[in-house]
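Since the structure is predicted, the reported quantities are computational estimates derived from the model, not experimental observations. Naming convention: chains lettered A, B, ... in sequence-line order (proteins, then strands); numbering from 1 in each chain. Side-chain atoms are counted along with the backbone in the values below, which use heavy atoms only and exclude waters and symmetry mates.
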2 protein chains.
Amino acid sequence: MPPTRREKQHAITREEIKQIAWEQMRQQGTAAISLRGIAREMGLTAPAIYRYFPSRDDIITALLMDAYTQFGDAMEAAAQQPAPSIYEQIVTIGLAYREWAVNNRIQYELIFGNPIPEYAAPAELTLPLARRAFVPLISAILEAMQMSDWQPKAHIPTLTPRLIDAMQPRWTAEGVPLEGVYLATRFWTRVHGMVTLELYDHTPPLIGDASEFYRLEIISLLEE
Amino acid sequence: MPPTRREKQHAITREEIKQIAWEQMRQQGTAAISLRGIAREMGLTAPAIYRYFPSRDDIITALLMDAYTQFGDAMEAAAQQPAPSIYEQIVTIGLAYREWAVNNRIQYELIFGNPIPEYAAPAELTLPLARRAFVPLISAILEAMQMSDWQPKAHIPTLTPRLIDAMQPRWTAEGVPLEGVYLATRFWTRVHGMVTLELYDHTPPLIGDASEFYRLEIISLLEE
DNA sequence: TCATTTTAGTTAACACTGTTTACAGTTTAC
DNA sequence: GTAAACTGTAAACAGTGTTAACTAAAATGA
C-alpha cells in the first residue's frame, strides 16, 4: 500500500531533522548533536523530536547509515566508470575515495573518526554497509591479479604463517586469495592515511598541495 | 626561587585533574570531559576546578600538549636507539609510531581525531610540538638519502611544478630537499593510515593480525 | 602571637543539555 | 460527527559549564 499523506510528511520531517543534525556536526563536530538546538531550528520544542526518533542515539545511527550508504554508492560508481585498464580503474577508485572524503568530510569523520560519547554504533547495521563500500576495491584488485601483465606481485611480502592463520578463517570460505586481501588492505590504509592527515590539516603544512601529492601517490601506488 | 610547599600541592592537584580527565576520555571518548565528574571523583564541587584551570578548554589544551610531548619523546627516543643502518632506524621509528599509538590510543585520538565541540586547539602551542614529533622521521629520511646505497630514489615520482611551487615556500629557507619532505610525508601517511584504521577497528576484521600486517608493511616500505 | 592576605572550597544561581510525562489541539479514519 | 492517532507543548527531572559571593584554612609579615 503506498504511503499515506501523513506518512510522507512524517518522512519529510525525519529528513529535515537529519539535515539540521548534519549541519550541527559540520559547525561543531560529530559529537555536537543537540536535540534542543534541532528543535529550535525547526520552531519546535525538544520533546517533539521524540515523535520522529526514539532517542539522540537513533538520530546518530540514521546519519551514520546514510554516510556509509553514500560512501558505498560513491565507491560503486567509481568502480563502474569505464577505464582503459583495470589498473586505471583502481586509480579511479582511489581518487574517488579522496574526492568523496573532501566533499563529505563530516560524513567521513562520522564513519572513521573518534567515538561519540555514550554512543555505540550498532555493528549489525554498519558492518554490512562498511563491507559494501570495500567490495569495489577488493574486486578490482582481485581482477587485476588475474591479469597476465600483473606486476606488483613481486612487491607483496611473503605472507607469514602468523598472518595467514589470522586471515584464513575470514576469507577461505569465500575463496578470496589472501594476497588480494593483503593488497586491498595496503591500498586502503595508504589512501586513508593521506586523506585523513589532509582533512585534519596535518599534511598541508608540510606538503602544501595535498591534492597534487595524493594524485602522484595514487598513481605511483600501482607502479611499485 | 624553588616552589613553595603550597605551589607544589597546587601542581599535584593539577596533575590529578588531568589524570582523571584522561580516564574520562578513555571511558567515553575525547569529547566526554565533565568538570562536575572530575570534581565528584576528587570529592570536590565543580567550581573548585576553576582554582586550577581557567576553563574546560584549558584542561583540554593541557592534555593535548602532554599528548604531543609524549609523542615527540617517543619519536625522539626511537630515533636515538642504536640501529645497524639508517634504513633500520627508519623502520624503528615506524614501529615506534604504532607502538606509541596502540599504548596511548586516547592521546592519539586527541591529537589526530575529530574536533571536540566548541574547542579549538591553540596552534601557537601545538604546532611547535607537532613539528618536534615529525623531525626525527624527516631527519632520518634526509640522512638515508645521503647514503651511497640509497635505493628508493627511483620510486619517487617526478615532483610536478605544481607541487614544487606549493612546497618551496615552506622548505627552501631551511635548505631541506623537497624529495625528502615528499618521502617523509609518504612514509607518515602510510604509517598513519595503518595505525588509524587498526585502532578504530576497521582493518582487523579484514586482516586479522593488524600488528603482523603492520610489521610486514613497515619493512616493505623501504624495499619499494 | 596576631592581623592581614592568599588560597581552597562551598553554595546558589544562571543557562545550557537529554529525556519523560501528561495534556491539548489538529488531522485522519471510520 | 466522533473516536483514534498524530503532533506539539509545558513542566519536571537530572545532567552539564561557569560565575559570584561567601567562608574556612593556610601562609605571610609585623
Value in whole Å for how far the P atom of C/dT27 lies from NZ of A/Lys8: 18 Å

What contact category does A/Tyr52 fall into here, base, sugar-phosphate, or nothing, at under 4.0 angstrom with non-hydrogen atoms? sugar-phosphate

Looking at A/Glu118 and A/Arg56, does any basic side-chain N land under 4.0 Å from a carboxylate oxygen? no

Within the sub-3.5 Å range, which N or O atoms of nucleotides 28-30 of chain D have a protein N or O partner, and how far apart are they?
none

Pairs in or reaching into residues 29-50 of chain B: which pass side chain to side chain donor-acceptor pair (under 3.5 Å), with residues at least two apart or in two chains? A/Asn114-B/Thr30

A/Thr45 side chain near D/dT9 phosphate (N/O to OP1/OP2, under 4.0 Å): yes

Indicate whether any N or O donor in one side chain lies under 3.5 Å from an N or O acceptor in the other, for B/Asp58 and B/Ser55. yes

Could you tell me how far apart A/Phe53 (CZ) and C/dG18 (P) are, to the nearest whole angstrom? 14 Å

For the pair made of CD1 in A/Ile59 and C1' in C/dT17, what is the distance, rounded to whole Å? 14 Å

CG of B/Asp165 to CD of B/Gln168, rounded to nearest 0.5 Å, is 6.5 Å

Let me know, please, whether B/Arg5 or B/Arg51 comes out on the 5' side of the other along DNA chain D by nearest nucleotide. B/Arg51

Do A/Arg186 and B/Glu217 sit within salt-bridge range, that is, some charged N less than 4.0 Å from a carboxylate O? yes

Looking at every heavy atom in both B/Ile111 and B/Leu64, which two are closest together, and how far apart are they? CA-CD1, 4.0 Å

Exercise: do B/Glu23 and B/Gln27 side chains pair donor with acceptor under 3.5 Å: yes

How many whole angstroms separate atom CD of B/Glu118 from atom P of C/dA15? 17 Å

Please report, rounded to the nearest Å, how far the P atom of C/dT17 is from the OH atom of A/Tyr119. 21 Å

Shorter than 3.5 Å, N or O on both sides, protein versus nucleotides 13-18 of chain D: list them out with atom names.
from	atom 1	to	atom 2	distance (Å)
D/dT16	OP1	B/Ser34	OG	3.2
D/dT16	OP1	B/Arg40	NH2	3.1
D/dG17	OP1	B/Ile33	O	3.4
D/dG17	OP1	B/Leu35	N	2.5
D/dG17	OP2	B/Leu35	N	3.1
D/dG17	OP2	B/Arg36	N	2.9
D/dG17	N7	B/Arg36	NE	3.1
D/dG17	N7	B/Arg36	NH2	3.1
D/dG17	O6	B/Arg36	NH2	2.4
D/dT18	OP2	B/Tyr50	OH	2.8
D/dT18	OP2	B/Arg56	N	3.0
D/dT18	O5'	B/Tyr50	OH	2.9
D/dT18	O4	B/Arg36	NH2	3.2

Quick one: pull up CD in A/Glu109 and CZ in A/Arg26 and give me the separation to the nearest 0.5 Å. 11.0 Å

Can you name the atoms? Protein N/O to nucleotides 2-6 of chain C N/O, anything below 3.5 Å, with the distance.
none

Check the distance between C/dA8's P and B/Ile12's CD1 and give it to me in whole angstrom. 12 Å

Distance below 4.0 Å between B/His10 side-chain N/O and C/dT7 OP1 or OP2: no

Only counting residues at least two apart or in another chain, list the ones meeting side chain to side chain contact (heavy atoms under 4.5 Å, CB included) with B/Glu99. B/Asn103

Take the protein atom CD1 of A/Ile49 and the nucleotide atom P of D/dG8, then report the distance between them rounded to whole Å. 9 Å

Quick check for you: to the nearest 0.5 Å, what is the distance between A/Glu198 atom CD and A/Arg105 atom CZ? 9.5 Å

Which atom pair, heavy atoms only, marks the closest approach of B/Trp22 to B/Ala67? CH2-CB, 4.1 Å

Set of side chain to side chain contact (heavy atoms under 4.5 Å, CB included) partners for A/Gln9, sequence neighbours left out: A/Ile12, A/Thr13

How long is the line joining CE of A/Met42 and P of D/dT7, in whole Å? 11 Å

